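To keep things clear, I will list the structure first and then write my remarks on it.
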Amino acid sequence: MDTLPETHGIHVEERLTGGTYVLLAELPKVDRSDGIGITVVGGVLDLRAQRSVMTAENRGNKVLYGHFTPLPAGAKGDEVAAEYKHGVLTITVPVPPADQRRSLRS
């Protein structure tokens with residue numbers, strides 16, 4: 001028996017414009033109080049959300065959503081901003097121009 005909850009994919013659109021990485025995630029019927037989590041570790045953005053589903057048969061079930069994506073080189077993962085409006089989560093991350101990125105090699 002599988003004891004891990006099923007995680008559903010999230011429809012996302014990504015773009016890099018004007019020095020900003022933008023991710024739009026469709027999260028219909030997700031209430032902020034149910035939980036939306038965004039983390040950045042090792043240059044990878046991890047998005048998690050859950051939605052409560054109330055039915056006559058299954059009261060209190062949760063639907064879990066997840067998506068992860070590598071950020072563009074040089075993205076400032078510690079400066080992530082997010083806004084949730086009308087079922088769409090917009091995540092923005094600053095990305096400096098290539099000539100301003102610090103080289104990881106010495």
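These numbers were taken from a predicted model, which means no experiment stands behind them.
No side-chain heavy atom of V44 sits under 4.5 Å from any side-chain heavy atom of L71. Taking the side chain as every heavy atom from C-beta outward, T69 and E14 approach each other to under 4.5 Å. F68 places none of its side-chain heavy atoms less than 4.5 Å from the side chain of L45. The side-chain heavy atoms of V95 and T20, taken from C-beta on, include no pair separated by under 4.5 Å. Side-chain contact between H67 and L23: present, with at least one pair of heavy atoms (C-beta onward) separated by less than 4.5 Å. Between V41 and D46 there is no side-chain heavy-atom pair separated by less than 4.5 Å. Using a 4.5 Å heavy-atom cutoff, the side chains of L89 and I36 are in contact. Using a 4.5 Å heavy-atom cutoff, the side chains of I10 and L47 are in contact.
Annotation for G74 and P96: closest pair O-CD, 3.2 Å, computed over non-hydrogen atoms. Across all non-hydrogen atoms, the minimal contact from R48 to G66 is NH1-CA, 3.2 Å.
Between the CD1 atom in I91 and the CD atom in E83 there is a gap of 11.5 Å [rounded to 0.5 Å]. Once rounded to the nearest 0.5 Å, the distance linking CD of E26 with NE2 of H86 reads 14.0 Å. Interatomic distance, E13 CD to T90 OG1, rounded to the nearest 0.5 Å: 10.0 Å.
The backbone N or O of K76 lies less than 3.5 Å from no partner atom in the side chain of Y21, so there is not a single donor-acceptor pair.
Hydrophobic cluster membership is shared by I38 and L16, with clusters built from Ile, Leu, Val, Met, Phe, Trp and Tyr side chains linked at under 4.5 angstrom.
No side-chain donor-acceptor contact under 3.5 Å links Q50 and Y65.
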For side chain to side chain contact (heavy atoms under 4.5 Å, CB included), just list the numbers for L24 and V12, CA-CA rounded to whole Å, side-chain angles, deciding distance to a tenth of an Å, and then say yes or no. CA-CA 5 Å; L24 301 172; V12 298; over 6 Å; no
